[in-house]
Every structure is written in structure tokens, then in C-alpha cells.
Amino acid sequence: MARRTRIAQLLFVTKSGGTYTVSGWVRSIRVSGDVAFIVLNDGSNLSGIQLVLERSRLPEFETLCRIGTGAALQAGGELTDSPAAGQRFELRVTDVSVVGDAAPDYPLQKKRHSFEYLRSIAHLRPRTNTFGAVFRLRSRLAQAIHRFFGERDFLYVHTPIITASDCEGAGELFRVTTLPPNSAPRNEGGEIDFSRDFFAQKTGLTVSGQLEGELFAQAFGDIYTFGPTFRAENSNTPRHAAEFWMIEPEMAFADLADDADLAEEFVRFMCLFALEACGEEMAFFDQHIEKGVMERVHSVAEAEFVRMDYTEAIRHLEKAPVAFQYPVHWGLDLQTEHERYLTEQVVGGPVFVLNYPKDIKAFYMRRNDDGRTVAAMDLLVPKVGEIIGGSQREERLDLLERRMQELAIAREPLWWYLDSRRWGSSPHAGFGLGFERLIMYLSGMENIRDVIPFPRTPRHAEF
RNA sequence: UCCCCAGUAGCUCAGUCGGUAGAGCGGGUGACUGUUAAUCACCAUGUCCGUGGUUCGAGUCCGCGCUGGGGAGCCA
């Protein structure tokens, strides 16, 4: 096939002239007497390009007027200034071929569709304006994440997808097994004998790469993971999916304050990146998805991130002139309503809540000297609440083992994790960030199913 | 998993007091020398989510189920 020019690249020129070939899919076709207009989009940008087809120049004009919305087209012609409003340039077509026609029952109409309907045709929705913008943003953000950590000499580590450690309490695991479901071998007690499974033990899909990440941090200093994560929770909300991507940096020789500094720098970097590198998409979100999203993202990038102790946060909530559904007291895990009140009403911007009661946090978090809190942090932002959760990890073997005992977490399966505290254990800290929640935050999209190409949620694994 | 709401044409929805189904968009056909979700005219389209019940009669009322959405919990 003829060499094609990406439409985004083509429209980047400063003046008309020159002949080009573009390939893409028909978004709209308008016929008016002896001239027809086709908006062709190749996914490289939002606008696409207007093709101008003239009866006098194209012998196949009549047939071309009958192609359907959604058809694949390759068109060559001259780039000219457009005499009409709506676009700067257009392509005056001299040569065109219908690569793949589209029948009139093409499900994407030239009108607004509900996100619910578009989810049912997830194989076609990337051809819409909204999902084009979402997935271009997603792709660029993914690359920006590597850039952020790469520039800071963080080592990118691929932690395992299949894992045997399920003792983090981070959520239900999807089981990975090759045992036959109906005739799995049993032991004497009648239970399934996983010693005869593929890995000779019970295994599942990872719920977090953190524990393995810590091991690499104890060798490379600063590391990060960025990969798929799985939770078999029956969560039916716009913010949860069974398969999502998580970013987990981990730093050796670092404490909770260093951790918060990194998180702040990271969020600021992503906000600025979205505004600068995805301007067309952000403008689209601002206009069609969430009015004011650009201003919101901009203000977060500019804001000073407040740091507040959990105990102080509770004091603020206790004297809040609002009736919370969950009454506030020290020891309570903050609910979404509390988090949003803190970031939206008390602070009016991003806020780190630090040093939570130990009983509401995970076993690996470092015990503070007061004996009742741990060095944990959550970053709360307006509109969504928690966007980042992290902590300084317990690097003292005796305290870690004692905590595991208190929580009845078996030590044997985590012998390697405990070993990292035995030789050259250093204070270290890290955090976890759900990639999709970052995309939602930056785009204003309100449902996680609409920022994942083919989302996996309870009862949904099609496509 | 719990609570609330919804399910009617391809899509988005209306449907009054229970009386046998409509609009806009999309699609088809035609008109139109430059359109911008083009415009204008004409045409076609229904398992009213399923199931059981109440009733002379159910899209409409009631029970159960399924599906979707929102909220909560869990969390990222």
C-alpha cells in the first residue's frame, strides 16, 4: 500500500501545498451536489482531516458517495487551505480507494452515544472522539511514567504476575492452576492437594508487586514497577476493576517524608505533562467531559501539597459543621466522605494525611515511636479523595516479626521478605498508585471502565 | 455483597387515570455547486428485559428473576 502520512503530522505543517496520502476511517460523509465531504480519522488526533471529493475530478464519485460511515479509506491529494470555517486545511482528493467498506448497520452513529452503550461495543468505541482522546492520553501517560522515573535513575523492575504470596490482605486473589476443576487431586483431609499443581503450591495473580519491589530497592536503591494487577473482589463501582495497572516506586535509605516528596513531584509532573503533551485531548475533556478539568489539573500542579497528621485530620473532622454518615473518632479509617471534606473543605487542594493508627494499616508499615501509629500516608485530592497510598516500611526484623505474629500472618511463606531485614536492612519507603485512577483524575472521566481498553469487572471478560 | 434507580424502534428517550405504541437521531430513497452532528421531502422499523400474577383488558399495577447504572463496603 502507498506510504501514508499520519493526519496529526500532516496538520502540523504551517502552510498548504504538497500532495499526501492518508489512510483512516470515515467519521462522517456529506454529499452536496457535485461535491462531497468526508471527515477521515486515523486515530492520530481528534479532528481528523476533511477530504474534498469533486465529481469532475473523480470518475468513481457516485460510488464514493455511497460508502458508509466507518469505512476504511485511503486517499491521496493536495493539501489546500479550506475556504470554509471549521478547519484550517483540507485534502483535495485526486485518488481514492475504499479499502474496507462499512455496511449501514455500523453501530457508531453520527451522534452522541451513552458510555454504557459504548461499553457494549468496546471493539468499536476507540473510533469515537472521547475514547480516541482517552486512549491517546493513556498511552502518553504510560510513557511519561517511564520518563519520570527514568530521569531520576529509578530502576524499572518487572515483578511477577503469578505469585504464591497472598498474605498481604490487599484483596482476593484470582487462582492460577492447571488442576482439572472437577477431579483435582485431594489430600487425606479431602482438600485439594496443591502440591500436585503446576507450581507445587497454591498460586494466584499478583495483587501488588510491592514485596518484590522492596527486595529490588535493597539492591538498586530506587526502583519502580508499572504493570497489571488483579483483584478478585466483587466490587461494583466506577472506581474498581478486576484487572488494572499499578505504579509502585520504592526507595531505599528513605523515610516517609521522602516518600511524600516523591509522590508530590510525581503528581505534579503528570499534571503538567497532560496539559503540555496532550493539549488537544485535555481541551476536549474540558469541553465535553468535565468543565474546568484543565483549570483543576493546572491548580493541582501549582498547589503546595499540605502535610497533615492523621490525628490532626481527625480533629478537623470532629469539629466539622457537617453530619457525616460515619461518625468520626480517633482510630477510624477515613471514609470517602471524610477524605473529600479534608481535601475540598479544610485544605482546598492536595493534602497528605500521615501517620495512621497501626490497627487500620498493613503489617509491613513502620511503627512510629508513639507505639500506636505507623508511618503511612495517603495523598488526597479534590473530587476523588485518595489517589496515592504509601508508607515507610518496617525495616526492623524484630518489630516486623512481632507485628506479623500479632496479626497471625504466617512467616514461613515470606521467609525471603524477612531475609531482606536480616542483612543490610535499610529504612525504605514507597507508594502505590492506580494508573486508571490517575487517568480518570486527569481526564475527568468518571468510570474506570471507560479508561481501560477492554475492562474486566465482575461478570465482564468479553472482548 | 448491601441499598436505591432504570430496562419501550439501531441509538437517546416520551408514553397521562390500566384501553392494545410515539418522537428525535440513525438507516433507505430522492433533491441540492462548499458541507461542518449539513439541510429539505418521502419511506420502513417493536419479544415494551424475562417470568408468574391481579384485571374484561397490563408498556403501565404486584411478586420473583436477569441485566445495566448510581451509592456504600473493599481498595488502587
Side-chain angles (χ1 to χ4, degrees), chain A residues 27-39 47-56 61 65-66 68-70 80-87 90 92 102-121 124 128-129 168-172 206-210 225-248 288 324-326 333-337 339 360-362 378-379 384-390 431-441 446-452 457-460:
Chain A
R27 282 292 177 83
S28 136
I29 175 162
R30 297 179 287 270
V31 183
S32 180
D34 294 331
V35 63
F37 302 93
I38 291 175
V39 175
S47 67
I49 193 168
Q50 172 159 280
L51 307 178
V52 182
L53 282 61
E54 290 149 295
R55 190 188 295 274
S56 57
F61 183 82
C65 288
R66 281 166 197 287
T69 309
T80 58
D81 292 307
S82 179
Q87 59 282 314
E90 58 191 22
R92 199 170 175 207
D105 56 359
Y106 182 58
L108 290 173
Q109 304 174 3
K110 289 185 284 185
K111 58 173 275 191
R112 230 192 95 75
H113 286 293
S114 67
F115 288 148
E116 289 84 356
Y117 171 65
L118 291 170
R119 270 170 227 152
S120 74
I121 51 167
L124 296 170
T128 64
N129 287 339
E168 297 161 43
E172 286 293 307
T206 182
V207 294
S208 166
Q210 183 200 313
T225 71
F226 178 29
T229 310
F230 307 87
R231 302 274 165 92
E233 298 286 358
N234 188 13
S235 295
N236 296 287
T237 87
R239 294 175 299 282
H240 291 85
E243 177 180 323
F244 61 99
W245 281 57
M246 193 151 63
I247 301 139
E248 294 179 291
H288 298 285
F324 293 117
Q325 196 187 334
Y326 290 83
D333 200 2
L334 298 183
Q335 306 295 313
T336 306
E337 56 176 348
E339 294 177 342
I360 58 173
K361 290 294 181 182
D378 283 348
L379 175 61
V384 295
E386 182 188 336
I387 192 165
I388 285 179
F431 63 79
L433 165 69
F435 183 43
E436 284 78 10
R437 291 190 180 172
L438 177 69
I439 300 169
M440 290 165 72
Y441 186 66
E446 289 185 333
N447 196 310
I448 198 167
R449 301 164 189 125
D450 297 328
V451 299
I452 297 177
T457 53
R459 297 182 301 281
H460 290 287

Self-check item: Selection from B/rC74, B/rU35, B/rG10 that lies nearest to any side-chain heavy atom of A/Q109
Solution: B/rG10

Quiz item: With nearest nucleotides of RNA chain B determined for A/S114 and A/H460 from heavy-atom distances, which residue corresponds to the more 5′ nucleotide?
Solution: A/S114

Practice problem: Decide yes or no on side chain to side chain donor-acceptor pair (under 3.5 Å) for A/S32 and A/R30, but give the supporting numbers first. | Solution: CA-CA 7 Å; A/S32 180; A/R30 297 179 287 270; over 6 Å; no

Practice problem: Could you tell me whether A/P104 contacts a base, only the sugar-phosphate backbone, or nothing, with contacts defined as non-hydrogen atoms closer than 4.0 Å? | Solution: sugar-phosphate

Practice problem: For the side chain of A/P238, starting at C-beta, report the closest nucleotide among B/rG68, B/rG70, B/rG69. | Solution: B/rG70

Practice problem: Could you give the distance separating B/rU16 and B/rA21 at their P atoms, to the nearest angstrom? | Solution: 14 Å

Quiz prompt | hbond_proxy A/S235 side chain to B/rC74 base (donor-acceptor, 3.5 Å cutoff) | solution = yes

Exercise. Counting heavy atoms from C-beta on, name the nucleotide in B/rU1, B/rG34, B/rG68 closest to the side chain of A/N236.
Key: B/rU1

Quiz item: Does the A/S114 side chain pair with the main chain of A/Y117, one donor and one acceptor, at a distance under 3.5 Å?
Solution: yes

Self-check item: Donor-acceptor pair under 3.5 Å, A/Q50 side chain vs B/rU35 base
Solution: yes

So which protein N/O to nucleotides 29-32 of chain B N/O distances come out below 3.5 Å?
none

Quiz prompt | Partner nucleotide, any strand, of B/rC40 [Watson-Crick/G-U, under 3.5 Å] | solution = B/rG30

Quiz prompt | P-based separation of B/rC4 from B/rG63 [nearest Å] | solution = 12 Å

